[in-house]
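Some notes on the structure that comes next.
In this text the structure is predicted, and so the values were computed from the model without any measurement.
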Amino acid sequence: MAATSDIWCTCRVCTKIRVTIDQIFSVLDVHGWLLNSYIVDFFQENLWEKLPGSWRFTLQDTPPQEFGKWLAGDILCKRVWPLSLLALRQVTNILQVNRNHEDPESIISCELNILNNNNNETYRKDKNEAFEELHSQDHKFRNLFSKHIKKKKRYEIQEIAEVIVCADCAYEANCKCIVDIGAGMGHLARILAFRYGLYVTCIEQDCILLQQARKWDEELLMSIRKHLPNFSEKCPQQFIAKLEPSNLVESKLVSQLQELFQNKFILNEAEIKFGLVGLHPCGDLAPILLKLYSSRDEAKFICIVGCCYMKLTIHSEISGLKGYPLSKYLMSRKNHLLTYTSLEVACHAIEKYCDKLKTGCYEDLIVHTYRAALETILIKKCEKLRHSQLRNVKVTKGMSFKQYCTAATAHFDNNLQIQDSDINNAEINGYLNQWQQVIIFGSLRMMLAPLVETIVLYDRFLFLSEKNLTPTLKPVFDSRLSPRNLVLMSRKK
């Protein structure tokens, strides 16, 4: 490991995170093959036989419901489990980041937040008392802010805005301006602008989404003014741009943002400092935001919830093109790379997965057995069909394997279509009878998945820490409703 400890924060929290990262990689050195395996290859590569013998002996007749309870830590499970499997579950529980949004001990914050905290006067927006009274008492008025928003997104916006995660960052950083990156149709921006009175600019590369956002901004503003004629908060501003990791692009973007805040919100130069907000920026967008925040004095805080880890660019040499790793600590390790498959499985919620198993509501998981069996058929037809892109098919109760195959390969040429003879044979029937083993194997992968997300989030945490930008990592959402539920925050002193 490179001797670069002089750039590392030595507080208790950051030191523990570095130790935890090393321990996780020690676990992945042994069991990482599970995460790196494709379920689609379950039969083709005989993945079940690669499990330790003691695991196979116990798990071969373990019902998914029972395994789900054990995976969730149900102490009532009476089965005698292999010690190595028990140890693996225990160590994954210990090492993974705490995702329980109701646990006050789940907040991780660099201790420099405490050491360097000062009592500078902070910006406080005077509340519109008439607005607040109407919002609290009139459900029809309150529902105006939920219009056009799906249930999951509505929940996320309420949590991240109403508990004032973003707004609190703004106040503490003495910052009135917000830049909502990857804003989509502007749902979060409208809450921050109209309810919290912040000056919000939305950046989105899809002009159609921004046009829709403008329409709904005006629609909501008109509806509010029907109740409050003197309501004076301004609509969010939309800005079309694609963010890229380039100093030239960053400089031009910041200049454009400053001009926009100055002209549209009538702010003077001293007031134009902004915070970066991203509710589930996809793939490399989260690292780009972190780099932008760390390199520009104008960016006073950041508040992001990442997603789509499998879309991260992983490169070990050209840092400008890399979404992972970001921290010098991770880059100093010989072994720090993560695979596409491990990052993909880390995007799912193990809590919700266990609920499915425990309650027996796992019919849709049988799709993995169907897909793996179909893979063996496709490869026999043509080797080039290995890992082909098939149509997404949700297996519902009663759907046969033949129905699945027909739907999944509907776009194939006629000579590659699945025939009855491909399906109705002893080999395929044998594969389909192993559906419980496929589910159990997938569950083992899910058990390890939180370790991968922990590495990604801790890498981002250390990236900020190494730049003296005192990060905080906090679970804000219920992971069963929103699997990517951890918010990474930082504000400059």
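- Judged by distance alone, the side chain of D138 and the main-chain N or O of L134 form no donor-acceptor pair under 3.5 Å.
- T339 is linked by a side-chain contact (heavy atoms from CB on, under 4.5 Å) to N36, T341, S342, counting only residues two or more places apart in sequence or in another chain.
- Looking only at distances, no side-chain donor or acceptor of E159 sits under 3.5 Å from a matching main-chain atom of Y155.
- What you find for L279 and F477 is that their closest heavy atoms are CD1-CZ, 3.9 Å.
- More than 12 heavy atoms of other residues, nucleotides or ligands lie within 6.0 Å of CD1 in I94, so this atom counts as buried by the packing criterion.
- The aromatic rings of W8 and Y329 stand perpendicular to each other, their planes meeting at an angle above 60°, with 30° marking the opposite boundary.
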Output a table of donor-acceptor pairs, distance under 3.5 Å, between side-chain atoms of residues 254-262 and any protein atom two or more places apart or on a different chain; print 'none' if there are none.
unit_1 : atom_1 : unit_2 : atom_2 : d
S255   : OG     : S251   : O      : 3.0

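- At a threshold of 4.5 Å between non-hydrogen side-chain atoms, the residues E156 and K153 count as touching.
- Salt-bridge formation is detected for the pair D355/K358: a Lys NZ or Arg NE/NH1/NH2 atom is positioned less than 4.0 Å from an Asp or Glu carboxylate oxygen.
- Annotation for L290 and F463: closest pair O-CE2, 3.6 Å, computed over non-hydrogen atoms.
- S479 and E351 form a side-chain donor-acceptor contact under 3.5 Å, judged by distance and modelled atom types alone.
- Across C110 and S465, no two heavy atoms sit closer than the pair SG-OG, 4.4 Å.
- Of the charged side-chain nitrogens involved, at least one lies within less than 4.0 Å of a carboxylate oxygen, so that D217 and R190 count as a salt-bridged pair.
- Two rings, from H135 and F145, have their centers less than 6.0 Å apart.
- Residues I181 and I288 have side chains not in contact (no heavy-atom distance under 4.5 Å, counting atoms from C-beta outward).
- The OG atom of S146 sits 9.0 Å away from atom CG of L144, with the distance rounded to the nearest 0.5 Å.
- Crowding of D103 atom CG: a count of heavy atoms from other residues, nucleotides or ligands under 6.0 Å exceeding 12.
- Other residues, nucleotides and ligands contribute more than 12 heavy atoms inside 6.0 Å of the NZ atom of K152.
- Between the K16 side chain and the C11 main chain, no donor and acceptor come within less than 3.5 Å of each other.
- Side chains of R491 and K300 form no contact here, defined as non-hydrogen atoms less than 4.5 Å apart.
- With salt bridges taken as basic N to acidic carboxylate O contacts below 4.0 Å, none links E233 and R195.
- Distance alone, capped at 3.5 Å, is enough to place a donor-acceptor pair between the R484 side chain and the C347 backbone.
- A salt bridge does not link R296 to E250: none of the charged side-chain nitrogens sits closer than 4.0 Å to a carboxylate oxygen.
- Ion pairing between E219 and K215 fails under the 4.0 Å rule for side-chain N and carboxylate O.
- Atom CG of N485 is separated from atom CD of E453 by 7.0 Å, given to the nearest 0.5 angstrom.
- Not a single donor-acceptor pair under 3.5 Å links the side chain of E271 to the backbone N or O of K176.
- Ion pairing between a basic and an acidic side chain is recognised when a charged N comes within 4.0 Å of a carboxylate O; D297 and K492 show no such pairing.
- Aromatic ring pairs are classed by plane angle as parallel below 30°, tilted from 30° to 60° and perpendicular above 60°; the pair W70 and F67 is tilted.
- Going from atom CZ of F301 over to atom SG of C175 covers 5.5 Å, rounded to the nearest 0.5 Å.
- No hydrogens or angles considered: nothing links the side chains of E344 and Y309 as a donor-acceptor pair under 3.5 Å.
- Of all heavy-atom pairs spanning I350 and P450, the tightest one is CG2-CG, 4.1 Å.
- Using a 3.5 Å distance cut-off with no hydrogens or angles, the side chains of N93 and Q90 do not pair a donor with an acceptor.
- Residues R89 and M447 form a side-chain contact, since some pair of their non-hydrogen atoms from C-beta on lies under 4.5 Å apart.
- Among the candidates L95, L28, V91, L451, the single residue satisfying the side-chain contact (heavy atoms from CB on, under 4.5 Å) test with Q23 is L95.
- Counting only distance, with no hydrogens or angles, the side chain of R480 and the backbone of K352 share no donor-acceptor pair below 3.5 Å.
- In this structure, K311 and D284 approach most closely via the heavy-atom pair O-OD1, 4.0 Å.
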| query | So I157 and H187, side chain to side chain contact (heavy atoms under 4.5 Å, CB included) or not? Walk me through it. | reply | CA-CA 8 Å; I157 289 170; H187 300 311; 3.1 Å; yes
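- Panel note: side chain T92, backbone L448; no donor-acceptor pair is recorded below 3.5 Å.
- Inter-residue side-chain proximity for E204 and I240 is flagged as unmet; no heavy-atom pair is nearer than 4.5 Å.
- The ring of Y199 has its center no closer than 6.0 angstrom to the ring center of F194.
- In this structure, CG on L289 lies 11.0 Å from SG on C303, to the nearest 0.5 angstrom.
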| said: One pair to check against side-chain hydrogen bond (donor to acceptor under 3.5 Å, both in side chains): Y458 and T20. What are the steps and the verdict? | reply: CA-CA 9 Å; Y458 281 178; T20 299; 5.5 Å; no
| message | If you apply the rule side chain to side chain contact (heavy atoms under 4.5 Å, CB included), what do you find for I21 with L462, and how did you get there? | response | CA-CA 11 Å; I21 288 173; L462 291 180; 3.7 Å; yes
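- In this structure, Y324 and P287 have side chains that are not in contact, with every pair of non-hydrogen atoms separated by 4.5 Å or more.
- Judged purely by distance below 3.5 Å, without hydrogens or angles, the side chains of D459 and S327 pair a donor atom with an acceptor atom.
- Judged by distance alone, with hydrogens and angles left aside, the side-chain atoms of S482 form no donor-acceptor pair with the main-chain N or O of D478 at under 3.5 Å.
- With rounding to the nearest 0.5 Å, the separation of CZ in F231 from OG in S223 is 11.5 Å.
- Proximity of a side-chain donor or acceptor of H336 to a complementary backbone N or O of L330 within less than 3.5 Å is detected.
- You'll find the side chain of T201 stays beyond 4.5 Å of the side chain of D180, heavy atoms only.
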| query | Where do Y38 and H387 land on the ring pair (Phe, Tyr, Trp, His ring centres under 6.0 Å) test, with the steps shown first? | reply | CA-CA 9 Å; Y38 286 93; H387 294 176; 5.1 Å; yes
| request: Dump the intermediate steps for side chain to side chain contact (heavy atoms under 4.5 Å, CB included) on L88 and L444, then the final yes or no. | output: CA-CA 10 Å; L88 181 59; L444 291 171; 6.0 Å; no
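- Atom CG of L473 sits about 6.0 Å away from atom CG of L488, to the nearest 0.5 Å.
- With hydrogens and angles left out, the side-chain atoms of T454 and Q96 include no donor and acceptor closer than 3.5 Å.
- Of all non-hydrogen atoms in A299 and L276, the two that sit nearest each other are CB-CD1, 4.3 Å.
- Side-chain atoms of R460 do not come within 3.5 Å of backbone N or O of G306 as any donor-acceptor pair.
- Within the 4.5 Å cutoff, the side chain of I203 has heavy atoms near those of the V179 side chain.
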| request: Carefully, step by step, assess F25 and I455 under the rule side chain to side chain contact (heavy atoms under 4.5 Å, CB included). | output: CA-CA 9 Å; F25 275 110; I455 290 173; 3.7 Å; yes
